[in-house]
Amino acid sequence: MSIYLYNTLTGRKEEFTPSEPGRVRMYVCGPTTYNYIHLGNARPLVVFDALRRYLEYRNYDVIYVQNFTDIDDKVINRAREEGVPALSIAERYIEEFFRDADALNVKRASLYPRVSQHIRDIIAAIEELMRRGFAYEAGGDVYFEVEKFPAYGRLSGRTPGEMRAGARVEVNTAKRNPLDFALWKAACPGEPAWDSPWGPGRPGWHIECSTMALKYLGTGFDIHGGGADLIFPHHENEIAQAEAQTGCPFARFWLHNGFITVNQEKMSKSKGNFFLVRDIASRFRPLAVRLFLLSTHYRSPIDFDDAGLLAAEKGLERLENTRRLLNEARCHLGGAGGSTASSEKGATLAGRVEELRREFTAALDDDFNTARALAALYDLAREINSYLAGTARPDAGVVKRAATVFEELGENVLGLFGRPQQQVDDALLEGLMDLILSIRQEARQRKDWATADAIRDRLKALGIILEDTPRGPRWKKS
RNA sequence: GGCGCGGUGGCGAAGUGGCUAACGCCGCGGUCUGCAAAACCGCUAUUCGCCGGUUCAAAUCCGGCCCGCGCCUCCA
């Protein structure tokens with residue numbers, strides 16, 4: 001089965017095959033490092049991380065590059081407010097970025113290039129653009145001349161004419177045309193600056209991405225991703241720069257995730273509904289945030305509200321319970337050992353496991369439909385639960401296979417579980433719980449329900465959930 | 001003004017010509033349980049914003065209308 005992805009460049013779903021067999025080169029625009037990341041950053045982070053995981057599941061070698069924009073107006077302003085160097089602001093928020101990304105169970109990219117470390121490459125790119133006649137200097141600034149690049153507007157589906165008609169023309173006499181954009185900005189006093197053939201300054205807003213993408217992935221790489229709001233002008237400009245500079249196609253597939261709203265409104269500082277990942281993570285489990293983000297197709301808009309996050313939290317618990325049940329069943333059945341003769345129920349489950357695995361991948365093959373894939377995963381959970389609950393002696397082989405598939409889809413691909421199951425690494429806790437549970441079991445045998453219930457209630461208050469099962473009690477941290 | 005997206009049960013969300021409109025959450029009933037929890041079973045949209053049209057057949061195609069939202073300016 002081949003993978004189909006919607007390509008913004010062509011406006012339709014296309015069969016995806018990497019240009020180099022077995023190897024996918026992808027670039028995703030990363031955050032500007034002037035603050036903790038917000039929900040708008042979280043969506044592409046999670047969506048493209050999941051896509052990357054899926055491609056790996058499909059046996060591709062994925063080179064995943066995500067940049068940090070560590071030099072730009074927002075970083076500089078922040079630095080000025082705090083009276084510290086711009087790069088130390090960036091350093092701080094890059095560290096914090098990883099904290100949030102880890103909480104969301106985002107795998108590390110292959111590479112995180114930073115603008116400030118690629119000034120030379122950027123200058124070389126601009127020089128090449130000037131040599132080829134696509135750029136001009138004006139008072140220490142360098143601009144890209146949009147008119148010289150006829151394909152401008154292909155990605156966003158606008159023509160320069162249309163844009164001129166609607167756009168408010170900014171007052172900037174240095175530009176030959178309002179649509180021209182800065183490749184290099186002359187430094188104002190007190191701003192971080194690098195020497196260049198045009199005097200001290202810093203890179204413009206778009207040149208960093210095209211330069212770093214070309215440097216690490218080469219021309220014609222496979223996937224370029226980001227939020228839909230980057231289509232214009234950011235990605236349009238990246239294409240113009242890169243293709244004007246190299247004369248080769250820049251990226252093959254352009255993927256864009258939809259917007260985020262909060263309580264039906266666009267998230268913005270002025271509306272007072274600007275949420276950081278850690279704001280939400282303090283009220284809901286980060287993995288539930290991840291599940292929530294994957295519950296909607298990546299190209300559709302998604303609205304954050306408490307009800308949705310709560311539902312995701314419950315859904316996540318459901319999947320986690322299945323994972324736990326599976327794990328317990330495996331322990332009871334002992335290690336590797338040969339499987340017992342499979343019962344009819346076992347055979348049925350074994351068949352369903354493969355069927356649902358196929359449904360799961362078919363959904364992701366169809367423009368990465370995670371909502372549909374999740375439906376298959378929930379179906380799988382239900383069938384596994386049903387089998388384990390209704391079978392006195394589960395078939396070891398079937399359980400093992402079900403556990404493997406469940407783990408592959410739920411964790412390896414969707415990244416919903418985070419740390420590996422099983423081991424409670426705290427021997428002391430383990431021992432204390434054994435002690436408490438044996439005391440409680442004695443109480444239960446005496447039919448001293450008051451004591452048994454009190455223990456359960458007090459443990460719950462401490463964050464430990466007790467469940468009595470036919471096989472004895474079990475517990476988990478809440 | 002230009003370009004674009006969406007309106008599916010109480011909430012969220014799949015489904016783009018034809019099996020009983022997925023899946024999750026919530027709610028209700030039941031099984032299990034000392035009671036719970038977890039789990040399982042059942043119920044919850046004859047109907048997919050509204051009105052027409054095409055078709056043997058439409059949530060799915062066409063036309064019109066209503067409503068909500070976004071981009072065109074830094075933004076994921």
Side-chain angles (χ1 to χ4, degrees), chain A residues 11 28-32 37-48 69 72-74 153 156-159 161-170 178-179 205 225-234 256-261 264-269 274 291-292 295-297 299-303 305-322 324-325 359 363 366 369-390 444-445 447-450 452-453 456-457 460 465-470 473-476 478:
Chain A
V28 177
C29 290
T32 302
I37 60 169
H38 58 262
L39 292 180
N41 296 309
R43 168 113 102 146
L45 200 59
V46 166
V47 162
F48 291 109
T69 300
D72 116 318
D73 290 349
K74 282 176 292 204
S156 52
R158 311 155 202 261
T159 67
E162 282 171 359
M163 287 184 269
R164 216 167 298 147
R168 285 176 300 181
V169 177
E170 47 184 292
L179 287 177
W205 298 316
D229 54 339
L230 292 181
I231 294 172
F232 187 87
H234 185 58
H256 294 97
N257 61 268
F259 290 98
I260 274 180
T261 54
Q264 313 281 15
E265 278 189 316
K266 181 181 172 167
M267 188 171 81
S268 72
K269 285 175 183 166
F274 191 85
L291 173 60
F292 179 74
S295 298
T296 300
H297 183 92
R299 285 196 287 122
S300 301
I302 193 169
D303 185 56
D305 64 9
D306 283 10
L309 261 349
L310 199 64
E313 220 161 46
K314 294 298 182 64
L316 181 62
E317 267 173 46
R318 179 179 174 74
L319 295 172
E320 285 172 335
N321 274 328
T322 295
R324 185 170 55 124
L325 256 29
E359 271 181 35
D366 182 13
N369 193 328
T370 50
R372 231 168 76 206
L374 275 168
L377 189 64
Y378 282 116
D379 279 337
L380 181 59
R382 180 166 16 82
E383 308 229 10
I384 290 169
N385 292 341
S386 181
Y387 174 72
L388 292 179
R444 292 184 73 212
Q445 244 129 52
K447 297 203 190 304
D448 178 2
W449 308 126
D453 291 352
R456 189 171 61 198
D457 290 345
K460 188 174 181 189
I465 303 213
L466 276 196
E467 293 171 6
D468 294 308
T469 77
R474 66 166 172 239
W475 61 277
K476 64 173 177 181
S478 64

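No experiment lies behind these values; they were computed from the predicted model shown. Within every chain, numbering begins at 1; the chains are lettered A, B, ... in the order of the sequence lines, protein sequences first and strands thereafter.
Here B/C25 presents its C1' atom at 16 Å from CD of A/Glu320, a figure rounded to the nearest Å. Between the CG atom of A/Leu380 and the C1' atom of B/G24 there is a distance of 15 Å, rounded to whole Å. Nucleotide B/G24 holds its P atom 19 Å from the CG atom of A/Asp305, rounded to whole Å. Atom CD1 in A/Ile384 sits roughly 11 Å away from atom P in B/C40 (whole-Å rounding). Rounding to whole angstrom units, CZ of residue A/Arg372 and P of B/U8 are separated by 20 Å. Protein atom CD of A/Glu383 is 15 Å distant from nucleotide atom P of B/A22, rounded to whole Å. Across the protein-nucleic acid pair, A/Ile231 atom CD1 and B/U73 atom C1' stand 16 Å apart, rounded to whole Å. Following rounding to the nearest Å, A/His38 (NE2) and B/C74 (P) show an atom-to-atom distance of 16 Å.
Side chains of A/Asn321 and A/Arg324: a donor-acceptor N/O pair is present below 3.5 angstrom, by distance only.
Spacing of P atoms, B/G29 relative to B/C19, comes out at 34 Å, to the nearest Å. Distance noted for atom P between B/A59 and B/U16: 14 Å (whole Å). Using atom C1' as the reference point in both B/G52 and B/C11, the two lie 32 Å apart (nearest Å). Distance check on atom P: B/A13 versus B/C43 gives 25 Å, rounded to whole Å. Atom C1' of B/C32 sits at a distance of 15 Å from the matching atom of B/G42, rounded to the whole Å. The P atoms of B/C56 and B/U47 are separated by 24 Å, rounded to the nearest whole Å. Taking the P atom of each, B/G15 and B/G1 are spaced 32 Å apart, rounded to whole Å. When the C1' atom is used for both B/C69 and B/G24, the distance is 25 Å, rounded to whole Å.
Within 4.0 Å (heavy atoms only), A/His234 reaches no atom of the nucleic acid at all. At a threshold of 4.0 angstrom between heavy atoms, the contacts of A/Arg318 are confined to the sugar-phosphate backbone, with no base atom among them. Across all strands, A/Gly40 comes closer than 4.0 Å to base atoms (heavy-atom distances). Using a 4.0 Å heavy-atom distance criterion, A/Asn321 is classed as a sugar-phosphate-only contact. At a threshold of 4.0 angstrom between heavy atoms, the contacts of A/Lys447 with the nucleic acid are absent. Counting non-hydrogen atoms under 4.0 angstrom, A/Tyr378 reaches the backbone sugars and phosphates but no base. Using a 4.0 Å heavy-atom cutoff across all strands shown, A/Leu466 reaches at least one base atom of the nucleic acid. Contacts of A/Asp379 with the nucleic acid, taken as non-hydrogen atoms under 4.0 Å apart, involve only primed sugar atoms and P, OP1 or OP2. Across all strands, A/Gly226 comes closer than 4.0 Å only to sugar-phosphate atoms, never to a base (heavy-atom distances). Within the 4.0 angstrom heavy-atom criterion, base atoms lie near A/Ile260.
Within the 4.0 Å cut-off from OP1 or OP2 of B/C26, at least one side-chain nitrogen or oxygen of A/Lys314 is found. Contact check, A/Arg382 against B/C23: a side-chain N or O comes under 4.0 Å of OP1 or OP2. For B/A76, the OP1/OP2 oxygens have no side-chain nitrogen or oxygen of A/Asn257 closer than 4.0 Å. For A/Asn369, no side-chain nitrogen or oxygen approaches OP1 or OP2 of B/A13 to under 4.0 Å.
B/U31 and B/A39 make up a base pair, with Watson-Crick or G-U wobble contacts both under 3.5 Å. Using the Watson-Crick or G-U wobble rule with both distances under 3.5 Å, B/C19 pairs with nothing in any strand shown. Using the Watson-Crick or G-U wobble rule with both distances under 3.5 Å, B/C5 pairs with B/G68. Nucleotide B/G63: paired with B/C51 (Watson-Crick or G-U wobble, both distances less than 3.5 Å).
In summary, A/Asp379 and A/Arg382 engage in a salt bridge, as defined by a charged side-chain N under 4.0 Å from a carboxylate O. Salt bridge annotation for A/Arg444-A/Asp468: present, with a cationic side-chain nitrogen under 4.0 angstrom from a carboxylate oxygen. Using a 4.0 Å cut-off between a side-chain N of Lys or Arg and a carboxylate O of Asp or Glu, A/Glu317 and A/Lys476 do not qualify as a salt bridge.
Among the nucleotides B/C23, B/A76, B/A39, the one closest to any side-chain atom of A/Asn385 is B/A39. With B/C35, B/C26, B/C72 as the candidates, the nucleotide lying closest to the side chain of A/Asp453 is B/C35. For A/Phe259, taking side-chain heavy atoms from C-beta onward, the closest of the listed nucleotides B/A76, B/C74, B/A38 is B/A76. Between B/G34, B/A14, B/C40, one nucleotide has an atom nearer to the side chain of A/Arg456 than all others, and that is B/G34.
The CG atom of A/Leu309 sits 13.0 Å away from the NZ atom of A/Lys314 when rounded to the nearest 0.5 Å. Atoms NZ and CG, on A/Lys460 and A/Asp453 in that order, are 12.0 Å from each other to the nearest 0.5 Å. Rounding to the nearest 0.5 angstrom, the gap separating the CG atom in A/Leu388 from the OG1 atom in A/Thr322 is 8.5 Å.
Checking side-chain atoms of A/Asn41 against main-chain N and O of A/Ile37 turns up no donor-acceptor pair under 3.5 Å. Within the 3.5 Å criterion, the main-chain N or O of A/Phe259 finds a donor-acceptor partner in the side chain of A/Arg43.
Projected onto RNA chain B by closest heavy-atom contact, A/Lys476 and A/Asp229 fall at different nucleotides, the more 5' of which corresponds to A/Lys476. Both A/Arg444 and A/Asp366 sit near RNA chain B, but only A/Asp366 has its closest nucleotide nearer the 5' end.
Scanning atom types as modelled, one donor and one acceptor separated by under 3.5 angstrom connect the side chain of A/Asp468 and the base of B/C35. Side-chain N/O atoms of A/Asp303 and base N/O atoms of B/G12 include no donor-acceptor pair closer than 3.5 Å.
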